[in-house]
Each structure stands twice: as structure tokens, then as C-alpha cells.
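In what follows, a single structure is set out as C-alpha cells and then discussed.
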Amino acid sequence: MSHLDDLQVRADSRIMTTYPPGKAAFVRGQGTVLFDGDGNAWLDFLCGLAVTSLGHAHPAVTEAVARQAGTLVHTSNLYLTEPAIELGERLARICGWEEANVFFAQCGATANEAAIKLARKHGKRQHDDKVRVVALEGSFHGRTLATLEATGQPAKHVPFAPLAGFVDHVPYDDPAALLGAVTDDTCAVILEIVQGEGGVRPVPDEVLLAAREACDVHGALLIVDEVQTGIGRTGPWFAFQDAPIEPDVVTVAKALANGMPIGACIARGPATKGFEPGDHATTFGGNPVTCAAALAVLDTIERDGVLQTAATRSQRLVAGLQDLVATSELATGVRGKGLLLGLELGTPVAPEVEAACRDARLLVNAVGPDVIRLAPPLSVSRQEVDQALTTLGEALRTVAATSTSLEHA
Ligand SMILES: Cc1ncc(COP(=O)(O)O)c(C=O)c1O
């Protein structure tokens, strides 16, 4: 039995089936490469869902984790520790916000959960019914009950209905609908600047501007969910820094600690006064080891000019994907920003293209029936970009040939 099959059999009997069967099993990673149990090298252009942005086993992160794990792992938030406070200071600085504060969570959903509770608290100070949230169709904000409800994908709600009913969804590209949906009972608008799980779809500037305007008019908070876009994934530290708006609250998670579980809800201005002692808490928030890992990530990005490298690699990858659009009968367009890119397909064969890439040991994924997401490490090399493009081109040819032969069968 292969390593993958053996793990799957054991998983089937002991791990709850919230995921489909594993498509590969890995034992080690180095930079952009993952190794399976047979020692095969796989090119990782997915980064554990936009997480390992500095690549696997980055020495600075490994060193920081080992050092902090051997010094102090956990105290709870009843006591102060240096790494969390330093990370709060650093996050405020990279947001470019003088007056800002941070709540540390474990992941994207718990960072957004904190942001929604913060907004409700902020809203209820104005009047008791100011608890409603406006979100965009196609969005993804997490799987806790509140963030699931904010997620604009009705199919994900169905197994858990009825939900609390405090979120109104509007199309992701309709500024008038958004302006119409926000009322005096709205405490927050939550949105991603590029919808990641929803298919790598940039939200139009007009919608971002409408969200800002509606929040200002109605005294609501604008929450920008940067769980997937943050820490350089789309170019700058945060995607909002390239957008025509300034949020009141930003959430970040995935890439912040390069794979150690962390989430952060960062507030500025009046939103900094949202919570009081006892309003919100979590045992592991601000854990010294994860915060030390995050500080190592931020240090490395600054020291090594990672955002600049990523911008250059993004240009090369986009140019290569556009070549595929010009030459492949399946690829029809490229969307996204920085190193969060989507290759659009003219027919719903993204799962087949993902599988063909996997057969050639390239990890990318289908986010929807007709889009392939590419999210390589920000530190990806030129050669790795070229190698991935070659493999992706071959995968497109294989799938095109199979679809044609099926049509003619
Ligand atoms: C934009 C966005 N928000 C929230 C989440 C949820 O994050 P997590 O899975 O860490 O809870 C995700 C995960 O994909 C995401 O992409």
C-alpha cells in the first residue's frame, strides 16, 4: 500500500470527514518544494492555501520558533509577554496606522469573528439594533457560525440553516446595491479586496468606494478581510494599500506566521475603543511562539526585500499565463493581483486541469469550475515560475485533448 493510501485508510477511521480524500501526502518541505513519502519533489504553487509565503522550512522562522519554544511557550492573556506586544506594534506600523490596536486569534475565521463582534459592540454603542452586517456574494470569511453567515456562498449555509440572519449579501460588483443595503442598523461592511476562495476575483474600486461611503454615512465599520491577501500576497503589505479606501478594521491570518496558526484583527480610529475587558478572549491568542514566528516573517520580508522580488515574479508569471491564454484553446484570461492569480478557463474543466498538474507534481487548485488559482511563495525563483508555466501548459494541452476526444466519442 502506498504511503498516501495507508494514511487515507487511517484518516477514514479516525479523522472527521470534513475534507474530500487527500490528493497527496507530504513528509517534508524546502522552499517551493514539497517531498512525498517516496522522496518525489512537488512544486508548490499553492503554499498550503496562501500560507507558506516564505517557502517551506524557512530558516529564520525555524530559528525563531525553536528559540521561543525553548524560552517560553504559553502564559495565557492574564499576563504580558513581549512577542505579542512587539507584533502588535509591528502590525500597526505596516498598516501605516499611528493609532491602532490588535486582537490576536488563531486563524482567519477567529480573526473575522473578533472583527464582527468588535463592530457589533461599536454599533450597539450608537443604538441597540445596530448589529447587522453587509457582505458580498461570492465572499469567503470562515467557517465559524458568524463568519459562515458572512460568507456569501449559500451552499455552505445549507447544512447549518437556520443561521442567525444578521447578514445581508449584495453582488460583489454592484456599488448601488451595496449603498442600498447599508442602513442605520448596519454595524459593519465586510469584504475582501480580491476574493480568494470565491475565484480570485478582484472587487471593483467603485464597490470599495461605495462601502467606504456607506460606512461613513451610517456610522458603520469597514472591515477588510485580508486573511488571504495580507502580508504581501497581492503586492503591498496589505491589499487595501493599493486600493482607494482605508478600512477601519483589517483582519489577517494565513501568511502572517508562515504556517504557524495565527490570526489578527487590527483596528484603527474609533474602532480601537470597541472592546472592553471581558468582551472577547481566547486562551491561545498572542501565543509567544506563533508571535515570534510572525516577527521572523516580517523581519525577513523587510530584510530580504521579499515584496520587491514578489512583484518581479508576479510580472513574469502573469506574462507567462497570458502566453498560455494566447496559445491554449482552454485558457481565456488572467485575473488577480501580485502572486494571487487566477487562470480563467473557457469551459468548466478546472478540476481536470488541477488533476493534470498534480499528475505532473505541480500543486495549484481549482477555485470554481473554470478558474485555477496560483499562489506560489513570494520568494519563488524565476526558474520555478518557468517550470510551473511549462507544466501548466502541458496540463492544458492534455485536458484539451481529452475534452476534444470525449466530444467526438
Ligand atoms: C479571505 C478569507 N477569510 C477567512 C478565511 C478563513 O480562514 P481560516 O481557514 O484560517 O479560518 C479564509 C480562508 O481561506 C479566507 O480566504
Side-chain angles (χ1 to χ4, degrees), residues 16 18-20 46-53 103-119 133-153 155-157 160 167 169 172 188-203 207-208 211 222-235 237-240 243 247 249-266 282 284-285 287 290 293-294 297 335-342 363-368 371 373-375:
M16 289 192 192
T18 57
Y19 293 95
L46 196 51
C47 273
L49 302 172
V51 169
T52 50
S53 283
F103 176 83
F104 285 114
Q106 291 80 23
C107 61
T110 50
N112 284 334
E113 189 81 22
I116 292 169
K117 285 181 75 177
L118 182 75
V133 170
V134 172
L136 302 185
E137 291 172 5
S139 61
F140 186 82
H141 298 296
R143 301 284 196 155
T144 62
L145 277 173
T147 60
L148 175 67
E149 177 149 3
T151 292
Q153 302 185 34
K156 293 188 167 56
H157 297 179
F160 306 100
V167 182
H169 288 99
Y172 88 103
V189 174
I190 183 167
L191 51 81
E192 299 152 88
I193 289 186
V194 179
Q195 293 188 334
E197 301 307 303
V200 192
R201 285 195 303 186
V203 170
V207 172
L208 303 178
L222 177 56
I223 303 170
V224 171
D225 177 347
E226 298 248 15
V227 165
Q228 185 151 163
T229 52
I231 316 298
R233 176 54 57 193
T234 66
W237 283 111
F238 294 98
F240 81 79
V249 179
V250 161
T251 54
V252 63
K254 290 178 180 285
L256 178 54
N258 209 49
M260 296 293 285
I262 192 168
C265 165
I266 312 162
T282 175
F284 289 120
N287 173 273
T290 49
V297 167
R335 64 193 194 213
K337 290 184 181 166
L339 285 172
L340 180 58
L341 295 170
L363 297 177
V364 292
N365 84 329
V367 272
V371 192
R373 170 173 50 185
L374 296 102

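Order of listing sets the numbers, starting from 1, for every ligand and every atom in it.
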Practice problem: Output the set of protein residues with a heavy-atom contact under 4.0 Å to ligand 1, ordered first by chain identifier and then by residue number. | Solution: Cys107, Gly108, Ala109, Asn112, Phe140, His141, Gly142, Glu192, Glu197, Asp225, Val227, Gln228, Lys254

Self-check item: Side-chain touch Val203/Leu136, heavy atoms, less than 4.5 angstrom
Solution: yes

Quiz item: In this structure, which one of Gln153, Lys156, His141 forms a side chain to side chain contact (heavy atoms under 4.5 Å, CB included) with Leu148?
Solution: Lys156

Practice problem: For the residue pair Leu222 and Val189, establish whether any side-chain heavy-atom pair is separated by less than 4.5 Å. | Solution: yes

Self-check item: Partners meeting salt bridge (charged side-chain N to carboxylate O under 4.0 Å, His left out) with Arg201 (sequence neighbours left out)
Solution: none

Practice problem: With rounding to the nearest 0.5 Å, note down the distance linking CD1 in Ile223 to CG in Asn112. | Solution: 7.5 Å

Exercise. Starting at NZ of Lys337, measure out to OG1 of Thr229 and round the result to the nearest 0.5 Å.
Key: 9.5 Å

